[in-house]
Every structure is written in C-alpha cells, then in structure tokens.
Amino acid sequence: MPIISLPDGSKKEFSEPITGSAVAESIGSGLAKAAVAIRINGVLRDLTTHIEDDVDIEIVTRTTDEGLEVLRHDAAHAMAEAVKELYPDTQVTIGPAIQDGFYYDFARNETFTPEDMELIEKRMRKIVERDEKITREVWARAQAIEFFKGQGEIYKAKIIADIPEDEDVTVYKQGEFVDLCRGPHLPSTGRLGKAFKLTKLAGAYWRGDSSNEMLQRIYGTAWANDKDLKQYLHRVEEAERRDHRQMGRQMNLFHFQDEAVGAIFWHPKGWTLFQTLVDYMRQRQNIAGYQEVNTPELMDRSLWETSGHWDTFGENMFTSLTEDNRVWAIKPMNCPGHVQVFKKNLRSYRELPLRLAEFGKVHRYEPSGALHGLMRVRAFTQDDAHIFCTEDQITAETGAVCSLLLEIYRDMGFEDVAIKFADRPQRRVGEDQVWDRAENALLKAMDSLNLDYTHNPGEGAFYGPKIEFVLRDAIGRDWQCGTLQVDLNLPARLGATYIGEDGKRHTPVLLHRAIFGSLERFIGILLEHYAGNLPFWLAPQQVMVATITSDADQYALEVAQQFQNAGLRTETDLRNEKINYKVREHSLTKTPVIIALGKREVENHTVSIRRLGKKGQKVVPLTEAIATLSKESRPHT
RNA sequence: GCCGGUGUAGCUCAGUCGGUAGAGCAACGCAUUCGUAAUGCGUGGGUCGGCGGUUCGAAUCCGUCCACCGGCACCA
C-alpha cells in the first residue's frame, strides 16, 4: 500500500505497487507525456520502476536539465542500436549525454563517412517509430562479461570488469540491442521524439588516453522538442557568425599564412587594438606597484635545464643551434628571465614584495592539431608578472592580484568570473613537502580572502599549485584567462635569495601571475564576446568621417584632423560613392562611429553622428561631438 | 601528434562523365555629386594548396606532403 509524497507536500495512496509512469498518469496526462524519469527518495530511476513502499517522489520531465540528460542518453542508445543494425561488425564502447547532446564511441575497422551519418540518423528515426520497449535487468558480473564477450563486444567486457564489486551490473534492452548501462532510461524508444540530429564525426582515444587506440565518435544533439532543437541550431550558427577568425578578416585585423604556422601577422588595425590593451594594462600595473622589465628571447639551454623546463617541456621548445655549437632556447616562459633580474642585485627583505612585469613574447611548439586561430598559437604575448615575496606576504599579494584582475575584467566587459584551485599534477618538480606548503599557503590565502572557488585536481603547473580565473562571455562560454601560481620550487632551483631581517640568506616565494593570459587569445575572446562590436575605447578605428558629396571634402579633412588631435582614431572616406554605400561598408568593418558630412554640416559647422547598430543619426556642433567622443574614448574605470 | 573533412580569383562559392576554368562581391577605368547598410557601364585578375604518378589529355583519377576546419590528446 504505497503512500507517495510529492514535492509540493501532497500525498497519494495506492492500493497496490505501482510504476512511476502510473504515478505520473495519476497526477495528469500532460505530466505523464512529458515524464522521462522519476526521482525516488532522491535517486533518479526509470519510469517503469515498481514502487512498493512509502516514498518521496518527483516526476522528472523532458524539459529539465536532468530530463534532457536522460533523453540524450537514450538518443545515444538509439544511435548505437542503429549502428549495430547497419554495421553489425561494429563494437560499441561508451555513449554518454553531454552538454547539448550526446555521443557514442565505436570501434570498427571501416571508417564512418558523412553519408553513413545520414543513414544512421534515418535508422534512429525508424527505431523511434518502432517504439521498442526499454527494459532494465540486473545481471551477475560474470554472466555479463560472458555475454558481451560472446557478442564480440570486448570493450564492454572491459568496462564491466572495472565496475566496483559492490555495484550491480545493469543492462538495458531495446529490441535486439542490449547495452551495459547505469540508466535511467525512457520506457520506450518512441518517447525519444524527433528533436535530434547527428552533428559531427570525430576520432577519440579509448579511455581518453592517447597511448590507446583511436575509436570513432559520432556526436549528436537532442532536445525535448523541435522548437528547442531549432533554437540550439540557431545558437550554433550565431556562434559561428561571431567567430574571431571571421571578424579578423572582416575588420582587417590580422591574418595567418602557411610559412608561419601558428603565428600572427597583425595588420595595422589589429596591432592598434593590441597596443590599446597593452597601454591599458601597463597603466593599471604601474598603479598597482609593478615594475616593467624586458628579458631575452633566446637563452642558453642550460638555464632551462636548471629551471626544469627542459625536462618537462623540452620537446615543445623551439631551439636554435649556432656556429659556436651552442643550443639556444627561444623562451616559452618569462619566469627564468625575471629570476635573473632578481638575482643580479643583492636583495633585501625590505624590497619585498618585488613585482616584475613583462609583456613577454613567448614561443611554444604546440601540437599541430591544437592550433586554433588566435586562441591557440605558437607565438604569443603574455601580460606576465612575477612577484617575489615572503610566505607571509602570499595572502596580501593574492588579494591584490584578485582585485586588480576583477577590475580589469569588468573594464573589458566581463562581470562573471569563476575561480578554480588547481593542485599538484602528475608531472612536477620538487618534494611533496614543498608542495604541501605551497598548496596550503594558497588555500589559506583564498580562504582568508573569502574567495568562492571550485577544485580542479591535478591541473597545477609543474612547479606549483595555481588559481585559475575563468570568465564567461556574452554567449555563455567559459574562458580560462588569468592565473596565479605559488611557486616554492623555481626560486630555489635558479638560486634566487634575499637577505632577511636575521641577516641570513632566504629563498623567496615566487608568484607567477597573468591577467589577460595571452594578449592574442584575449583579443580573440573580446572579438567573440562583442561579435566584433568593440566598445568605443577599444575599437581600433573609432571614427570614420565620410562625405556625402565632394562639396564637403575640405570640411571633412578639417573635422578628421580635429578628431585626431583629440586622440580619436579617425579616418576619412572621400570616395565618390553614395553615402549608403559608405555606411554599409564601414558598418561591416564594425566602425563604431560614422560621421557623415554634407552641405548642411559644412554650412552650420556641425557633424551628423551615426552609431554602429543604431538606426538614426544625431546632428551636433563639431565641438560638442569632439567633447562627447573624447569622453567615451577613455577606459571607463 | 591521432581520426574525419576541406583546399578553385583578394573574399564567398559553382564547376556534370577526365576534353582549352566560371559567378557575385572587391580591385581598376569611365559616367554619376547622390542625406545614412550595395548607382550604372566597362576592364583586368587563376601554378585549381605543393610535389609525383596514371592518361593522347587531369581542377577532376591515384600516391604523397602541407595547411586549414571539426573533434580527441596536449596546453609551462
């Protein structure tokens, strides 16, 4: 006689054991239709589960995050079933739900083609039409292994062998298809609906390990209904439209070419943007007590051996062998250089914290497959700084870096910043006790600053734990940009010391920190965040003075000159073209302000201001325009 | 680095069965002086990613290398 409590506190009593579906039906047919799973005493279960005891339940519907996860997991199963029907010699491995969709990894000798993908999707739709019952069974481990081996499913057998002894091995059946799975699943394949689509074909290593064989992964997206699917596809298109590589071409900012793979040719406008960011950061850092330095691009290999970079990343460093038989490494980081500057003078504890900053251009031989526009390159510029301090100063310095960083992100238009704590990685230098100290010091600093953070295990740098600062952009994507690392290893390895109050030599703590991270990448992020429509103060070309007729040419040159004198990045367009044509062209290159000048403006000494993305225009006296725009051109700090 | 896809004019793209390579935009020239997202007419522009092979003949078929795109792995 189960008594079932609903989330709103109401109770329902049933005279006999009942399934989740029936409970949903008893509440309402609409709910029953939308239901994909049931939460019983906090645990997500199949709708087909029989409820015999008194329980708290919640019906999970297809539009909720959890419901979508179930739906997408079902889509993965339907895809696997389709693949097994069409290509019986294929082994299925794993197929989880992911953000916005699902994938399944297959092992098969032949490769899947885009045409296969269409066939598979068609077959999935047939499987949905067949509306096969999905049933759950608990199997004995040995029996399960035997079964899947018998089916030629070696990967599945391996997965079962890895399931902890105390966990049940559950399998789900739909039609002829039997899959090892934790569940939960829908009652039948028909409930999946039609709002899914296979999206891409890719390789993926078995168990995510590049020393293993590569499987074939098929990705798909699945939604509660057609409307949501359409909306998602539209969102993807929008994201493509704001691709920074596209913006770079449209706005004439930079280009790449085969002779310099992973390196950027900055055009005048792109470089102007770059310099605007550098100028801004330089100013902020000066105020925050940093001193700027510059260190060599090339340093003898031995220095990198001492620092530990050679052992850890030697294969990813560019080197140059010279006539005198010396091997030079092109710097992949600035820290060893900064330590040399620190070491050159005898340092006193009174000088600490000493903050050395450098807009250092570094080179790293990134794997070819990792390269991606401005986001991942082989030559980039860091807004790097190293803070030499005592252990007692770690907290205060961490606090200062955090507030500086958050202010700067806000200026750039990012309000939403997440913080992660990354601790010791597998591959590292230094004793475990040193790592304990470094991690504890950083955690203590974060706690005493009341920072909200999540844990990112094993993701620290090879010389120390780090804080990662992750910002969220206008379309909800996360970008890890800033970082702060506590390093108790490199200063000792590179022999940095200072004289303490006690008159003895001590090894300083080294805090590595960057705010933009890579200037190049940050520009990519800005371009995508703003879809090219940069705020006025950042826009490389702020004002275009365009004439309506040639009568205004003289005045236009005068106006442009005055804008330039006021520090506004201004160009003129005196071409013999219609104003419509000019407006369109300069709008496409994302110029924030177009000043159109005709007879009327010449006569009245006014200008007509048109803002990017806005319909009309405003006619104001020239002096007023200059005042307004100059004010806007300052970083709003 | 690995898997799959793509590579044709400055840009976006078409090119059937192997038979002398096309469009729109841009550029250049001429006309037009125009009031806020494309004025008209004309002209020039190609190592069809590189190299090799098959063929009487290759943008097209085969091999190989390179780059890019989407993933995987990597990311000091």
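Hydrogens, waters and symmetry mates play no part in the numbers below; they use all other heavy atoms, side chains included. So that the names make sense, note that chain A is the first sequence line, chain B the second, and so on, each numbered from 1. Model, not experiment: these values are computed from the prediction.
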Can a cation-pi geometry be assigned to A:Lys158 and A:Tyr155, taking NZ or CZ under 6.0 Å from the six-membered ring centre and within 45° of the ring axis?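 Because its charged atom sits under 6.0 Å from the ring centre and within 45° of the axis, A:Lys158 does stack over A:Tyr155.
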Using the ring of A:Tyr219 (Phe, Tyr or Trp, six-membered ring only), decide whether A:Lys200 places NZ or CZ under 6.0 Å from its centre and within 45 degrees of its axis.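 Judged by the rule, A:Lys200 and A:Tyr219 form a cation-pi pair.
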Between [N] atom [atom2] and [X] atom [atom1], what is the distance in whole Å?
{"X": "A:Asp487", "N": "B:A76", "atom1": "CG", "atom2": "P", "result": "13 Å"}
{"X": "A:Asn212", "N": "B:C72", "atom1": "CG", "atom2": "P", "result": "16 Å"}
{"X": "A:Met214", "N": "B:C74", "atom1": "CE", "atom2": "P", "result": "11 Å"}
{"X": "A:His338", "N": "B:A76", "atom1": "NE2", "atom2": "C1'", "result": "15 Å"}
{"X": "A:Glu213", "N": "B:A73", "atom1": "CD", "atom2": "P", "result": "14 Å"}
{"X": "A:Tyr365", "N": "B:C74", "atom1": "OH", "atom2": "P", "result": "18 Å"}
{"X": "A:Arg521", "N": "B:C75", "atom1": "CZ", "atom2": "P", "result": "14 Å"}
{"X": "A:Met299", "N": "B:A76", "atom1": "CE", "atom2": "C1'", "result": "14 Å"}

Give the nucleotide from the list [options] with an atom nearest to the side chain of [X].
{"X": "A:His309", "options": "B:G71, B:A76, B:A73", "value": "B:A76"}
{"X": "A:Pro367", "options": "B:A73, B:A76, B:U33", "value": "B:A73"}
{"X": "A:Tyr219", "options": "B:G4, B:C72, B:U33", "value": "B:C72"}

Could you give the distance separating [M] and [N] at their [atom1] atoms, to the nearest angstrom?
{"N": "B:U60", "M": "B:C48", "atom1": "C1'", "result": "10 Å"}
{"N": "B:G45", "M": "B:G24", "atom1": "C1'", "result": "15 Å"}
{"N": "B:U64", "M": "B:C72", "atom1": "C1'", "result": "25 Å"}
{"N": "B:U36", "M": "B:A31", "atom1": "P", "result": "26 Å"}
{"N": "B:A27", "M": "B:A9", "atom1": "C1'", "result": "11 Å"}
{"N": "B:G46", "M": "B:G53", "atom1": "P", "result": "26 Å"}
{"N": "B:C25", "M": "B:G42", "atom1": "P", "result": "12 Å"}
{"N": "B:G29", "M": "B:C68", "atom1": "P", "result": "36 Å"}

Any base atoms under 4.0 Å from [X], or only sugar-phosphate, or nothing? Heavy atoms, all strands.
{"X": "A:Tyr463", "result": "sugar-phosphate"}
{"X": "A:Ser368", "result": "base"}
{"X": "A:Gly308", "result": "nothing"}

Among A:Leu471, A:Thr381, A:Leu374, A:Leu527, exactly one meets side chain to side chain contact (heavy atoms under 4.5 Å, CB included) together with A:Phe522. Which residue is that?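 Considering A:Leu471, A:Thr381, A:Leu374, A:Leu527, a side chain to side chain contact (heavy atoms under 4.5 Å, CB included) with A:Phe522 is found only for A:Leu471.
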Side-chain donor-acceptor contacts of residues 101-114 of chain A below 3.5 Å, not counting sequence neighbours, with atom names and distances?
from     : atom 1 : to       : atom 2 : distance (Å)
A:Tyr104 : OH     : A:Lys156 : NZ     : 3.3
A:Tyr104 : OH     : A:Asp179 : OD2    : 2.6
A:Asp105 : OD1    : A:Arg217 : NE     : 2.7
A:Asp105 : OD2    : A:Arg217 : NH2    : 3.0
A:Thr113 : OG1    : A:Glu115 : N      : 3.3
A:Thr113 : OG1    : A:Glu115 : OE1    : 3.4
A:Thr113 : OG1    : A:Asp116 : N      : 3.1
A:Thr113 : OG1    : A:Asp116 : OD2    : 3.3

Write down the partner of [N] under the Watson-Crick or G-U wobble criteria, each distance required to be under 3.5 Å.
{"N": "B:C25", "value": "B:G10"}
{"N": "B:A73", "value": "none"}
{"N": "B:U64", "value": "B:G50"}
{"N": "B:A37", "value": "none"}
{"N": "B:C56", "value": "B:G19"}

Which pairs of donor and acceptor atoms, one on a side chain in residues 593-601 of chain A, lie under 3.5 Å apart (sequence neighbours left out)?
from     : atom 1 : to       : atom 2 : distance (Å)
A:Glu601 : OE1    : A:Gly598 : N      : 2.8

Quick check: [Y] with [X] (ring centres under 6.0 Å apart)?
{"X": "A:Tyr555", "Y": "A:His605", "result": "yes"}
{"X": "A:Phe462", "Y": "A:His309", "result": "yes"}
{"X": "A:Phe254", "Y": "A:His267", "result": "no"}

Would you mind building the protein contact string for nucleotides 35-44 of chain B? One character per nucleotide, 5' to 3', B for base within reach (heavy atoms under 4.0 Å), S for sugar-phosphate only, - for untouched. BBBBB-----
Is the phosphate of [N] approached by [X] (side-chain N or O, under 4.0 Å from OP1 or OP2)?
{"X": "A:His255", "N": "B:G10", "result": "no"}
{"X": "A:Arg378", "N": "B:C75", "result": "no"}
{"X": "A:Tyr205", "N": "B:G1", "result": "no"}
{"X": "A:Arg245", "N": "B:G70", "result": "yes"}

Check the orientation of A:Tyr463 and A:His512. Use parallel for under 30°, tilted for 30 to 60°, and perpendicular for over 60°.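 Correct class here is parallel.
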On RNA chain B, does the nearest nucleotide to A:Arg249 precede the nearest nucleotide to A:Asp243 from the 5' side, or the other way round? Give the residue.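 The residue whose closest nucleotide sits nearer the 5' end is A:Arg249.
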Of A:Ala204 and A:Asn316, whose closest RNA chain B nucleotide lies nearer the 5' terminus?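 The residue mapped nearer the 5' terminus is A:Ala204.
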Any donor-acceptor N/O pair under 3.5 Å between B:C75 base and A:Arg364 side chain: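 For A:Arg364, whose side chain was compared with the base of B:C75, there is no donor-acceptor pair (under 3.5 Å).
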Tell me whether A:Glu358 contacts the main-chain N or O of A:Thr295 through its side chain, where contact means a donor paired with an acceptor under 3.5 Å.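 Yes, A:Glu358 side chain to A:Thr295 backbone: donor-acceptor pair under 3.5 Å.
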